[in-house]
Amino acid sequence: MSGRLDEEVLVKGWVRFFRNNRFIVVNDGSTVNNIQAVADEKIINEKLIKDLAVGASVAVYGKLAASQGSGQSVEIVASKVEVIGTADPEKYPLQPKKHSLEFLREIAHLRFRTNIFGSITRVRHAMIFAVHDFFTKKGFVNIHTPIITGSDCEGAGEMFRVSTLDAANPPRNDDGTVDFSKDFFGRETNLTVSGQLEGELAAMALSDIYTFGPTFRAENSNTARHLAEFWMIEPEMAFYELKDNMDLAEEFLKYLIKYALDNCFDDLQFLSNRQQEEEKGKPQDQRSMELIEKLKFILENDFVRLTYTEAIEILENSKPNKQNKFQYPVKGFGTDLQSEHERYLVEKHFKRPVILTDYPKEIKAFYMKQNVDGKTVRAMDILFPGIGEIVGGSQREDNYEKLLNRMKELKLPVEDMWWYLDTRRFGSVPHSGFGLGFERLMLFVTGMGNIRDVIAFPRTPKNAEF
RNA sequence: UCCUCAGUAGCUCAGUUGGUUAGAGCGGCGGACUGUUAAUCCGUAGGUCGUAGGUUCAAGUCCUACCUGAGGAGCCA
């Protein structure tokens with residue numbers, strides 16, 4: 001900017017501060033940094049003073065000059081200030097002061113105008129771009145999997161029904177159940193909980209594909225890590241075994257984080273300051289690492305890889321387990337790992353991201369490749385500090401008989417899944433993939449604590465405002 | 001869904017063992033101010049104490065239900 005001194009400039013944006021009837025601080029969303037315009041008495045008048053309220057939209061014409069004040073290096077010496085849209089100060093809810101994140105959630109239509117959501121939104125865009133950039137460079141093909149799905153066995157929890165039937169008076173079968181053959185699609189349909197199964201179909205021709213789309217879970221989850229509508233990235237790779245899958249996932253996460261550091265430094269610095277402020281109230285041992293330091297730490301260290309069985313051993317012999325400090329004690333193979341166990345491994349024992357593999361088949365999905373031990377499947381979960389599970393993936397069962405038998409064991413509607421099974425009948429190959437919850441990545445990269453603050457309009461139980 | 005905590009002015013909060021007329025800071029409004037940085041200074045208005053019941057001479061305060069939010073858990077990404 002300093003190289004452009006004396007240039008005529010035009011800035012259009014929204015007033016953040018108006019001080020001393022003279023200093024107009026404007027932000028247009030292009031950066032977290034504001035620009036200050038100085039209006040002298042020749043162009044300022046009573047009407048302008050009245051209209052230049054926080055939140056008003058303005059066009060400022062003037063010359064760029066070195067600032068006489070200390071808070072900024074350059075400023076605009078305004079020759080003309082035009083108020084485009086006023087913002088009644090008696091009604092405009094945003095003030096030039098700190099607001100709680102809870103309050104800002106209630107005014108999600110205006111929270112874009114805060115520094116914090118400006119930064120989050122820009123970082124989010126950078127991450128979206130980096131996802132496509134990473135896969136494009138690797139020769140992956142993006143596919144759009146259906147949002148409305150007819151299969152109800154994707155195995156990832158409760159689904160939202162999609163229907164045009166009269167909810168008050170649906171057509172019924174003789175036994176009283178709803179007759180979905182009369183519904184729009186002639187069958188029961190839901191919003192997708194995963195694009196994986198369709199992704200696998202595409203990978204069986206294009207080799208390396210990925211999806212990046214909205215995903216819906218009707219679980220009644222009330223946590224800072226869950227949304228009913230979220231965005232998920234699901235790559236699926238033919239000829240990849242579990243290790244290749246892990247290598248790709250680790251490389252991918254590091255690429256995204258590096259991209260943020262390289263391209264969003266001002267925003268990350270701002271978000272880091274915000275987090276440090278917030279953490280001042282916390283006791284020393286509960287504070288997390290400074291944001292940028294934390295992101296660099298991820299880049300510089302390999303993720304720890306170990307099997308579920310090895311993890312159980314570590315947990316069984318851990319201090320908190322021996323001292324009965326875990327709410328859920330670890331009792332050998334088969335124990336489902338709880339949040340507290342994952343946190344112990346990631347935050348206390350290894351102090352870095354952990355990839356857990358080869359879980360008992362009973363606690364994992366039907367499509368995962370069975371190991372020769374007959375007990376475990378080729379699953380992998382990547383656990384991040386503070387977030388928990390950020391990636392879940394596996395090598396897929398590519399053997400037709402084994403897959404079919406597993407589906408029958410679990411009493412899945414095999415007939416409805418004929419198309420999925422067909423891939424194992426015709427030219428089946430070993431293949432793998434994983435799912436990355438985009439908002440969970442955003443939590444990690446921005447250092448925010450609640451997933452409702454890294455998506456513009458969060459959908460959660462009892463909340464679909466805006 | 002379960003456990004815990006909370007809901008008082010536009011925002012952030014205080015409000016004693018139940019006891020007169022409900023408090024502050026910020027913001028708003030009126031005024032002052034030509035180098036301010038969440039500007040400052042003077043003045044001022046602003047409340048169905050989440051909702052509905054109940055206990056009591058008396059409820060912001062106690063009890064019950066519900067609603068909303070937060071933290072934790074479960075489910076998961």
Phosphate-side-chain proximity, A:Arg19 and B:A39, N/O vs OP1/OP2 below 4.0 Å: yes

B:U48 and B:U12, which share atom name C1', separated by this distance in whole Å: 22 Å

Heavy-atom donor-acceptor pair, A:Arg22 side-chain to B:U36 base, under 3.5 Å: no

Side chain A:Arg16, main chain A:Arg113, donor-acceptor under 3.5 Å: yes

base_contact_polar (B:G35 base, A:Ser67 side chain, donor-acceptor, <3.5 Å): yes

N or O in side chain of A:Asn220 less than 4.0 angstrom from B:U1 OP1/OP2: yes

Distance, C1' atom - from B:G18 to B:C63, rounded to whole angstrom: 13 Å

A:Glu234 CD to B:A77 P, straight-line distance once rounded to whole Å: 9 Å

Sugar-phosphate, base or nothing in reach of A:Arg105, heavy atoms under 4.0 Å: sugar-phosphate

5' priority, RNA chain B, between A:Phe18 and A:Phe23 [closest heavy atom]: A:Phe23

Inter-nucleotide P distance (B:U37, B:G30), Å rounded: 22 Å

Closest nucleotide among B:C75, B:G71, B:U36 to the A:His226 side chain: B:C75

Separation of the C1' atoms in B:U56 and B:U61, to the nearest angstrom: 13 Å

P-based separation of B:C49 from B:C62 [nearest Å]: 16 Å

Between B:C76 (P) and A:Asn222 (CG): distance, integer Å: 16 Å

Validation row, ring centre A:His341 to ring centre A:Tyr328 under 6.0 Å: no

Sugar-phosphate, base or nothing in reach of A:Asn450, heavy atoms under 4.0 Å: sugar-phosphate

Assigned partner base of B:U36, Watson-Crick or wobble definition, under 3.5 Å: none

Watson-Crick or G-U wobble mate for B:G47, both contacts under 3.5 Å: none

Side chain of A:Asn463 (C-beta onward), nearest among B:G69, B:U1, B:C75: B:G69

B:A77 base stacked by A:Phe230 (centroids within less than 5.5 Å, tilt under 30°): yes

Check: A:Met159 main-chain N/O paired with A:Arg217 side-chain donor or acceptor under 3.5 Å: no

Sugar-phosphate only, base, or nothing, as touched by A:Ile390 at under 4.0 Å among non-hydrogen atoms: sugar-phosphate

Check: B:G28 base within 3.5 Å donor-acceptor of A:Glu90 side chain: no

Gap in Å between the two P atoms, one belonging to B:C29 and one to B:A45, rounded: 16 Å

Touch class at under 4.0 angstrom, heavy-atom based, for A:Gln36 against every strand present: base

Rounded distance (Å) that lies between atom P of B:C76 and atom CZ of A:Arg459: 25 Å

Nucleotide paired to B:U1 in any strand shown, Watson-Crick or G-U, under 3.5 Å: B:A73

Nearest-Å distance for atom pair OH/P, residues A:Tyr344 and B:A73: 18 Å

Pair assignment for B:U12, Watson-Crick or G-U wobble, requiring both distances under 3.5 Å: B:A24

Sugar-phosphate, base or nothing in reach of A:Ser100, heavy atoms under 4.0 Å: sugar-phosphate

Identity of whatever pairs with B:C41 - Watson-Crick or G-U, under 3.5 angstrom: B:G31

Side chain A:Glu219, main chain A:Ala228, donor-acceptor under 3.5 Å: no

Integer angstrom distance from the P of B:U51 to that of B:G27: 28 Å

A:Ile355 to A:Met246 - nearest heavy-atom pair and separation: CG2-SD, 3.6 Å

Sugar-phosphate, base or nothing in reach of A:Lys364, heavy atoms under 4.0 Å: nothing

Proximal nucleotide (of B:C75, B:C76, B:U37) relative to the A:Gln338 side chain: B:C75

Touch class at under 4.0 angstrom, heavy-atom based, for A:Pro89 against every strand present: sugar-phosphate

Donor + acceptor pair across side chains of A:Asp267, A:Ser119 (<3.5 Å): yes

Sugar-phosphate only, base, or nothing, as touched by A:Gln95 at under 4.0 Å among non-hydrogen atoms: base

Sugar-phosphate, base or nothing in reach of A:Lys91, heavy atoms under 4.0 Å: nothing

Rounded interatomic separation in angstrom, taking NZ from A:Lys97 and P from B:A9: 12 Å

Touch class at under 4.0 angstrom, heavy-atom based, for A:Val25 against every strand present: nothing

NZ or CZ of A:Arg111 within 45° of A:Phe117 ring axis and under 6.0 Å: yes

Nearest-Å distance for atom pair CZ/C1', residues A:Phe17 and B:C26: 13 Å

Sugar-phosphate, base or nothing in reach of A:Gly69, heavy atoms under 4.0 Å: base

For B:G7, the Watson-Crick or wobble partner whose two distances fall under 3.5 Å: B:C67

Cation-pi geometry met for A:Lys254 and A:Phe134 (6.0 Å, 45°): no

Cation-pi geometry met for A:Arg19 and A:Phe17 (6.0 Å, 45°): yes

Separation of B:C76 C1' from A:Glu229 CD (nearest whole Å): 17 Å

side-chain N/O A:Arg16 vs B:A39 OP1/OP2, d < 4.0 Å: no

Donor-acceptor pair (no angle test) under 3.5 Å: A:Ser221 side chain, B:C75 base: yes

Value in whole Å for how far the P atom of B:C76 lies from CE of A:Met368: 10 Å

Residue closer to the 5' end of RNA chain B, A:Val54 versus A:Pro461 (nearest nucleotide): A:Val54

Side-chain N or O of A:Ser70 closer than 4.0 Å to phosphate OP1/OP2 of B:G35: no

Sugar-phosphate only, base, or nothing, as touched by A:Phe103 at under 4.0 Å among non-hydrogen atoms: sugar-phosphate

CA sep, side-chain torsions, deciding dist, call: A:Thr86, A:Asp51, side-chain hydrogen bond (donor to acceptor under 3.5 Å, both in side chains): CA-CA 6 Å; A:Thr86 57; A:Asp51 286 349; 5.6 Å; no

Listed nucleotide nearest any side-chain atom of A:Glu75, set B:U1, B:A38, B:G35: B:G35

Sugar-phosphate, base or nothing in reach of A:Glu342, heavy atoms under 4.0 Å: nothing

Touch class at under 4.0 angstrom, heavy-atom based, for A:Tyr328 against every strand present: sugar-phosphate

Span that lies between the C1' atom of B:G43 and that of B:G54, in whole angstrom: 45 Å

